[in-house]
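Heads up, the thing below is written out as structure tokens.
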Amino acid sequence: MMEHLLLQNLTKRFQDVTAVQDLWLSVNAGEILALLGPSGCGKSTTLQMIAGMLRPDTGSIVLDGKTLNAVPPENRDIALVLQRGLLFPHLTVGENVAFGLKMRGVNRVDRESKAKLILSQVQLEGFANRKPAELSGGQAQRVALARSLIIQPKLLLLDEPLSALDANLREEMQELILRLQADTGITMLVVTHDQSEAVVMAQRIALMFDGRLRQVAPPEQLYGQPVDERTARFMGGVNFFLAEARGTQWTLENRQILTSQQPAEGRVWVTIRPEQIQIFPAPIDAVNCIQAIVTTNRFMGTQRRLTLTAGDLTLQVWTTPGQDWHIDQTVWAVLPLDAVWCFPVTETSTAGQ
Ligand code: ADP
Ligand code: MG
């Protein structure tokens, strides 16, 4: 795949805060990459450097082989959509959308026909004469998208574009953005603090903590093979067990031995995602089959969350809602050997505390 955007060694400090440190990242042409991380980890600072609103202290920004550091924002061929679209309140929707073309000297007839076309792509046919004050939050964000796409930028940056919307609308907008990407082939870098949003939208996720990139990988890999405990927890991990690893045999603190596919040595945290544990009412012939007792059972609508206890081992299991497990029932939990994963214990590890 062709490399489109390349961030090399980017660092940005504000007084005593290092907002972004030594960041290296490449985004492929036509890719949607999510920049994910908790609030304050440096996501917006990174986008603002790419867009040209902030100047990096060190490092370079390369788009299509051209270094952008000295290029002013308006000449970068990059569009930025923010959490709230900041439309011009006195202009109509159609004029807002066509604004970028007007700045580029495109005549009125062409502007209006292009604006009409792109408004239909964001499902706002017939809205051209409204004022921004007459739009819902979701409609305003669609206008903001249309306004960015009409200038056919090489790169679309989205900074928490959906976080001001309610959950149902957010899903619709995710679909819409994915469809727009498929239609236009534009490269997108989407900032979010919401791991589920990153997973739905992106082909790859770049996870950031404290100004530094921690792991860049497809969503499946970030879930199943997190590089460390903080990553695992951020991606919704809940099962963490201390163990002593000898190759693919890992001995837990309660002497239970797990078999894995991933060889490791020494003291490790073992993790498995709660939805990957399988449970059975009777013993089955499988590796990593552990007898346990159901200690909590919560129906969550689309899933059922169980806590299983096996001696001093506690397992969180998320299963389908229909199965009828009950408290104090004896069950057999299977931890599939390709689903158990581990990483070394480090000084900053907090699991199990
Ligand atoms: P995110 O978008 O991931 O929430 P930001 O990039 O906005 O994080 O901020 C990263 C860090 O830099 C935070 O500690 C924030 O307080 C700090 N920061 C951001 N912008 C400024 C600024 N203009 N002046 C001082 N500190 C800033
Ligand atoms: Mg931000």
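Start at 1 and go down the list; that is how both ligands and their atoms are numbered. If you're wondering where the values come from, they're calculated on a predicted model, not measured in any experiment.
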Test item: [X] side-chain N/O and [Y] main-chain N/O as donor-acceptor pair under 3.5 Å:
| X | Y | value |
| --- | --- | --- |
| T11 | D22 | yes |
| T67 | N69 | no |
| K102 | R108 | no |
| N297 | I327 | no |

Output the set of protein residues with a heavy-atom contact under 4.0 Å to ligand 1, ordered first by chain identifier and then by residue number.
F14, V17, A19, P38, S39, G40, C41, G42, K43, S44, T45

Step through the shown structure and confirm whether more than 12 heavy atoms of other residues, nucleotides or ligands are within 6.0 Å of CG on D324.
no

Closest non-hydrogen atom pair between R13 and D57, with its separation
N-OD2, 2.6 Å

Closest heavy-atom pair, D159 versus L47, reported as atoms and distance to 0.1 Å, is CB-CD1, 3.8 Å

Who passes salt bridge (Lys or Arg N to Asp or Glu O under 4.0 Å) against E253, sequence neighbours left out?
R267

Which residues share a salt bridge (Lys or Arg N to Asp or Glu O under 4.0 Å) with R204, sequence neighbours left out
E31

Near the Mg ion (ligand 2) (under 2.8 Å) - protein N, O or S atoms:
S44 OG

